[in-house]
Amino acid sequence: MATMTCIEDLRGRARRRVPKMFFDYAEAGSYAEETLRANRTDLERIKLRQRILVDVSQRDLATTIIGEKVPLPLALGPVGLTGMQHRDGEIAACRAAQAAGIPFTLSTMSVCSIEDVASSVDKPFWFQLYVMKDRGFVRSLVERAAAAKCSALMLTIDLQVLGQRHCDVRNGLSVPPEIKIRNVIDIATKPRWALGMLMGKRKTFGNLAGYARAGTDVSSLASWISTQFDPALSWRDVEWIRSLWPGKLILKGVLDVDDARIAATTGASTLVVSNHGGRQLDGAPSSISALPKIADAVGNEIEVMFDGGIRSGQDLMRALALGARSCLIGRAYIYGLAAGGQSGVAQAIEFIRKELDVTMALCGVNSVGEIGRQVLASG
Ligand SMILES: Cc1cc2nc3c(=O)[nH]c(=O)nc-3n(C[C@H](O)[C@H](O)[C@H](O)COP(=O)(O)O)c2cc1C
């Protein structure tokens with residue numbers, strides 16, 4: 001079997017192993033995918049500054065994220081339907097993250113439920129919350145996250161309405177896949193995935209199943225979800241969530257300086273500069289282009305995390321240089337998961353760790369705290 005050397009290799013293997021419907025779901029951005037592409041091209045445009053003959057023999061990648069000690073400034077972000085990329089995908093990804101000593105975030109839209117994951121791993125994980133119209137359901141999710149001893153709540157605030165991904169419409173994305181000739185043929189060519197799925201714990205939205213008002217069958221769950229995102233969501237709801245969750249709160253999906261200033265007054269520990277991986281407002285700026293302005297404006301008041309387009313340790317370095325204290329990855333670990341389950345996620349994390357380590361050395365820095373704009377060729 002081919003040796004994996006980087007995230008792109010894992011992506012290639014993921015494409016071969018996972019049914020097209022789910023590979024496309026992970027890969028895609030909304031509408032014309034301008035923002036999705038900008039996330040990558042704007043990162044690639046940032047050049048790093050090579051320094052020579054600096055003693056870099058004492059390199060240390062360790063830092064803290066929301067006060068939690070981590071061996072590198074990285075966490076796994078929330079990704080819906082992770083459990084459709086690989087059997088019990090959320091559990092596998094969480095185990096890989098915990099073995100690497102970094103946080104894992106479970107999505108509201110996960111396949112394995114909060115309780116499934118909590119009972120399968122050793123340490124606390126983070127829970128990502130979508131505020132649905134049904135506030136009773138939201139409250140129950142927050143209570144379940146607290147009962148499962150989640151160490152942070154990540155509130156996603158950039159999804160009041162859903163951006164469309166054309167491929168999901170064309171592929172007829174459904175969970176589990178509908179029995180259509182096209183899907184059957186596709187799945188028949190992915191026997192490893194199909195066998196794994198048959199043995200997995202769950203095959204639908206684990207956190208929502210059994211919720212009385214949502215119904216239990218898949219199609220009523222899916223239609224309930226699509227009507228549940230709340231266009232009326234406002235900063236007042238953030239206050240309400242704050243009152244329900246006294247623990248660490250992370251606000252994910254900030255792309256504008258004015259919004260960042262408000263976020264910094266909410267009592268949240270952290271904000272994530274993010275455009276949802278190019279899956280929401282198409283035409284929005286890349287995450288990396290928004291980062292320095294936000295970090296300059298509020299970086300002293302609230303911890304700033306970043307996501308969008310990170311596929312390597314070099315990308316991580318670029319984001320740290322522009323003011324992020326740490327980063328989330330989405331697709332980079334999903335490729336690993338789809339390619340090889342828990343060990344594929346472990347590989348993805350390890351690729352990025354090693355790349356960051358070498359990049360720090362070649363830029364002449366020994367610690368994450370030293371990384372600033374001086375590591376960029378453009379200053
Ligand atoms: C397939 C997929 C599903 C996602 N699902 C969620 C989700 O349920 N909740 C959320 O807050 N963000 C979700 N995101 C956004 C990610 O948390 C993250 O912001 C994004 O993936 C970062 O970009 P990257 O994939 O280029 O690293 C999803 C992203 C992808 C690719």
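As the structure is a prediction and not an experimental result, all values here were calculated from the model. The first residue in the sequence is number 1, and the count goes up from there. Below, each value reflects all heavy atoms present in this structure, side chains not excepted, and no hydrogens, waters or symmetry copies. For ligands, and for the atoms within them, numbers begin at 1 and follow the listed sequence.
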Checklist line | Distance-only polar pair, side chains of Ser287 and Asp307, donor-acceptor under 3.5 Å | finding: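 No.
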Margin query: Tell me every residue that passes salt bridge (charged side-chain N to carboxylate O under 4.0 Å, His left out) with Asp158, counting only those two or more places apart in sequence or in another chain.
Written below: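 Scan of Asp158 (salt bridge (charged side-chain N to carboxylate O under 4.0 Å, His left out), adjacent residues dropped) gives none.
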Notebook entry, point to check: Got Arg331 and Val79 here, is their nearest side-chain heavy-atom distance under 4.5 Å?
Noted result: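 The answer is no, as the side chains (C-beta and beyond) never meet within the 4.5 Å cut-off.
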Margin query: Please verify the inter-ring angle class for Phe104 with Tyr333; under 30° counts as parallel, over 60° as perpendicular, anything in between as tilted.
Written below: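 Taking Tyr333 first and then Phe104, their aromatic rings stand perpendicular (interplane angle over 60°).
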Check: Do Leu153 and Leu328 belong to the same hydrophobic cluster, where Ile, Leu, Val, Met, Phe, Trp and Tyr are linked whenever their side-chain heavy atoms lie under 4.5 Å apart, directly or via other members?
Finding: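 In one cluster: no.
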Checklist line | Same apolar cluster (I L V M F W Y, side chains within < 4.5 Å links), Ile334/Leu43 | finding: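 Linked, Ile334 and Leu43 end up in one cluster.
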Check: List by chain and number: which residues place a heavy atom under 4.0 Å from ligand 1?
Finding: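 The 4.0 Å shell around ligand 1 contains Tyr25, Ala26, Pro78, Val79, Gly80, Ser107, Gln128, Tyr130, Thr156, Lys252, Ser274, His276, Gly277, Arg279, Asp307, Gly308, Gly309, Arg311, Ile329, Gly330, Arg331.
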